[in-house]
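Quick one: the structure is below, questions incoming.
In what follows, every chain begins at residue 1, and chains take the letters A, B, ... in the order their sequences are listed. All of these numbers come straight from a predicted model, not from anything done at the bench.
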Amino acid sequence: MQHPRLEAALARAARDLGAADDVTVRLERPRETAHGDLAANLAMVLAQQLGRKPRELAGELVDRLDLQALQIESAEIAGPGFINFRVSRDFLFDGLRHVCRAGRDYGRGDWGAGSRVNVEFVSANPTGPLHVGHGRGAAVGDTIARLLEFTGHDVCREFYVNDAGSQIDKLVDSISARHRQLEGESAAIPEGGYHGEYIVDLARELASDLADELAADASPEGRARVRRRAIERVIEEQRRTLEALRVQFDEFRSETELRESSSIEETVEQLTERGLIYEREGARWLRTTDFEDDKDRVLVKSDGSYTYFLPDIAYHHDKAKRGFDTAIDIWGADHHGYVPRMTAAMRALGLEKEFFEAVIVQLVRIERGGEEVKFSKRAGEFVTLRDLVDEVGADVTRYFFLERGPQQQMVFDLDLAKERSEKNPVYKVQYAHARIRSVYRRGDIDPEGIDFDADLSPLVETSAHEMIKTILGFPEVVEAAARSREPHRITAYLENLANELNSWYHAGTRDASLRVLGQEEAVTNARLVVVRASETVLRNGLELLGIEAPESM
RNA sequence: GCGCCCGUAGCUCAAUUGGACAGAGCACUGGGCUUCGGACCCAGGUGUUGGGGGUUCGAAUCCUCCCGGGCGCGCCA
């Protein structure tokens with residue numbers, strides 16, 4: 001719940017009492033209802049600066065406020081110096097009307113206006129199907145992108161295709177070997193090659209028109225053709241899987257194309273000009289230790305080829321050149337060790353420390369019946385992301401991945417995921433939405449026609465008031481989630497709202513006078529306004545998560 | 001050995017970024033259930049926040065040292 005006018009009034013009062021001009025006032029919603037609706041710790045912060053007693057200061061601050069004009073019912077000084085405010089009903093009702101009026105835009109913010117953000121995620125090697133870890137990264141990355149868009153940023157979702165490394169040669173060799181095996185020849189999958197069943201499928205598919213190119217004595221040109229086709233097919237498959245998860249990208253950038261451009265040379269040149277590159281033992285090193293990395297890093301090996309790091313730097317450099325103010329990468333936990341060196345490299349190029357940011361997503365463990373479902377890529381038998389989405393659906397997959405903080409290792413409980421009851425949090429939230437839509441149908445109500453400008457004083461129950469306060473807290477939660485890059489704040493919030501809504505609603509099963517429908521017109525209408533506002537928040541919240549808000553279930 | 005992440009109720013996780021008596025959902029126990037949509041509703045209680053020390057009006061949150069888990073530490077990608 002926000003109250004900008006109260007914040008401003010408090011700031012003014014604080015300045016009157018000698019606080020600095022840039023004094024910041026933060027209002028919080030206390031967990032304890034006895035502590036009111038909004039609490040200010042201002043007096044305690046100020047007491048330190050001014051060398052005065054907090055409670056005394058609190059009293060003087062309150063004296064300087066026009067409570068009635070601010071729609072504040074009461075202001076109490078409590079504990080060590082908190083000021084606890086209780087808002088008036090009119091404040092809540094005005095807020096509720098605002099929610100209904102804003103509709104799909106409720107919760108939208110503009111603090112990101114003018115800022116261009118590149119969010120890079122998944123970026124899997126084009127050597128096979130995506131696994132569940134990629135799925136978590138995809139859900140998190142896409143949702144962070146949605147959060148940033150909703151808070152006013154200009155966002156680009158990007159997938160970097162590592163189509164240039166030696167792993168691609170292994171892919172081609174593996175397909176070729178499988179092809180020859182299918183032809184009855186003896187051929188072995190190369191060391192470090194790919195064993196999965198999908199390689200056999202690829203071999204079959206490509207054999208229809210590239211049989212000669214798959215032979216052992218294929219020409220380099222032939223191999224290049226196989227290479228292109230194989231990459232194309234694998235990426236296409238990955239893209240479809242992601243689409244099934246409702247993840248779509250604005251850009252696919254290819255490492256091969258990057259290498260063919262002059263980007264890498266330009267980046268090296270720029271680093272050289274800055275005097276940050278030196279030679280040692282035949283290799284060329286970047287002095288990342290100047291920027292808080294543990295050790296310097298090799299960019300060009302002694303044999304003249306690039307380390308993987310150099311194209312990566314050039315690629316991220318390119319993001320800056322394309323005009324992005326911020327580059328956020330979603331990385332798996334196994335890459336966290338690379339954060340300091342990439343940050344250092346960006347600073348070496350003269351970019352702000354804040355330009356590059358990595359969100360580290362921890363590993364996923366899949367369980368069924370309390371047992372881990374193993375996925376071992378080497379043995380070729382693994383649970384792919386596709387399998388998971390096919391089994392439990394996009395909504396559940398996304399929700400489960402988003403429900404926990406990215407840094408938290410998580411257990412994906414397949415049994416719970418398939419549960420179609422309120423035990424399963426995603427159903428609970430979706431159900432709350434479906435139930436609201438059902439109320440409209442049952443009451444033959446046009447939700448667009450609900451008169452939210454009408455008198456709302458029939459809303460007398462505290463349960464309704466509490467729910468309104470929750471509803472009015474949505475924009476803050478959205479902003480906090482976007483700033484901290486933590487989608488799970490949204491799921492936690494929605495679950496809480498769904499619980500409140502459900503118990504408010506269920507009160508009607510015990511006491512008919514508490515139902516929405518079938519009351520005196522003014523009462524029904526006022527309750528419908530609450531319903532409508534709840535629906536708005538549930539829908540907007542689910543939209544942010546990329547999860548459907550169903551009409552019925 | 002060094003670095004990063006994590007450790008919160010029996011389980012899975014929160015905790016408004018330093019705020020007040022640490023909260024939800026499962027699970028558990030008891031009581032309801034004649035329907036605006038359910039295997040549903042209501043009421044219970046559960047904690048030395050892994051442990052010790054420190055910083056301050058105030059710490060799960062910051063610092064430090066231990067314990068335990070995960071992941072990293074290539075001129076591999």
Worksheet item: Just checking A/Leu363: base, sugar-phosphate only, or nothing, at a heavy-atom cut-off of under 4.0 Å?
Response: sugar-phosphate
Worksheet item: Contact class for A/His488 vs. all strands (heavy atom < 4.0 Å): base, sugar-phosphate, or nothing?
Response: sugar-phosphate
Discussion item. Can you measure A/Asn41 atom CG to B/rU16 atom P for me and round it to whole angstrom units?
Written reply: 13 Å
Worksheet item: Can you tell me how far P in B/rG3 sits from the matching atom in B/rU8, rounded to whole Å?
Response: 23 Å
Item to complete: Would you classify A/Ala480 as touching base, sugar-phosphate or nothing, given that sugar-phosphate means primed atoms plus P, OP1 and OP2, and contacts are heavy atoms under 4.0 Å?
Response: nothing
Worksheet entry | Nearest-Å distance once atom P is located in both B/rA27 and B/rC40 | 9 Å
Worksheet entry | Counter-base of B/rC71, judged by Watson-Crick or G-U geometry with both distances under 3.5 Å | B/rG3
Worksheet item: Base, sugar-phosphate, or nothing for A/Val439, non-hydrogen atoms under 4.0 angstrom?
Response: nothing
Fill in: Pairing partner (Watson-Crick or G-U wobble, both distances under 3.5 angstrom) of B/rC33
none
Practice prompt. Could you let me know what B/rA15 is paired to, Watson-Crick or G-U wobble, both distances under 3.5 Å, or none if it's on its own?
Written response: none
Item to complete: With heavy atoms under 4.0 Å as the rule, sort A/Arg29 into base, sugar-phosphate or nothing.
Response: base
Item to complete: Look at all strands and tell whether A/Arg284 reaches a base, only sugar-phosphate, or nothing, counting heavy atoms closer than 4.0 Å.
Response: nothing
Fill in: A/Tyr505 aromatic ring stacked with six-membered ring of B/rC36, 5.5 Å and 30°
yes
Practice prompt. Check the distance between B/rC5's P and A/Met410's CE and give it to me in whole angstrom.
Written response: 21 Å
Worksheet item: With sugar-phosphate meaning primed atoms plus P, OP1 and OP2, does A/Pro425 contact a base, only sugar-phosphate, or nothing at under 4.0 Å between heavy atoms?
Response: nothing
Worksheet, complete the sentence: Protein-proximity profile, nucleotides 27-34 of chain B, B/S/- by nucleotide at the 4.0 Å heavy-atom cutoff, equals S-------
Practice prompt. Would you mind checking if A/Arg280 and A/Asp296 are paired as a salt bridge, meaning a charged N to carboxylate O distance below 4.0 Å?
Written response: no
Worksheet item: Which nucleotide sits closest to the side chain of A/Gln407: B/rC75, B/rC6, B/rU16?
Response: B/rC6
Response to the item:
Letter by letter from the 5' end, nucleotides 41-49 of chain B scores (B base, S sugar-phosphate only, - none; protein heavy atoms under 4.0 Å) SS-------
Worksheet entry | Under 4.0 angstrom between A/Gln408 side-chain N/O and B/rU12 OP1 or OP2 | no
Worksheet item: Ring-on-base stacking between A/Phe82 and B/rA20, under 5.5 Å between centres and under 30° between planes: is it there?
Response: yes
Discussion item. So A/Gln167, base contact, sugar-phosphate only, or nothing? Heavy-atom distance under 4.0 Å.
Written reply: sugar-phosphate
Discussion item. Heavy atoms only, 4.0 Å cut-off, all strands: where does A/Ile360 land among base, sugar-phosphate and nothing?
Written reply: nothing
Discussion item. Quick check, does A/His336 stack with B/rG72? I mean ring centres under 5.5 Å and planes off by under 30°.
Written reply: no
Worksheet item: Below 3.5 Å, does any donor atom in the side chain of A/Tyr338 face an acceptor in the base of B/rA77, or the other way round?
Response: yes
Discussion item. Using a 4.0 Å heavy-atom cut-off, does A/Arg489 contact any base of the nucleic acid, only the sugar-phosphate backbone, or nothing at all?
Written reply: base
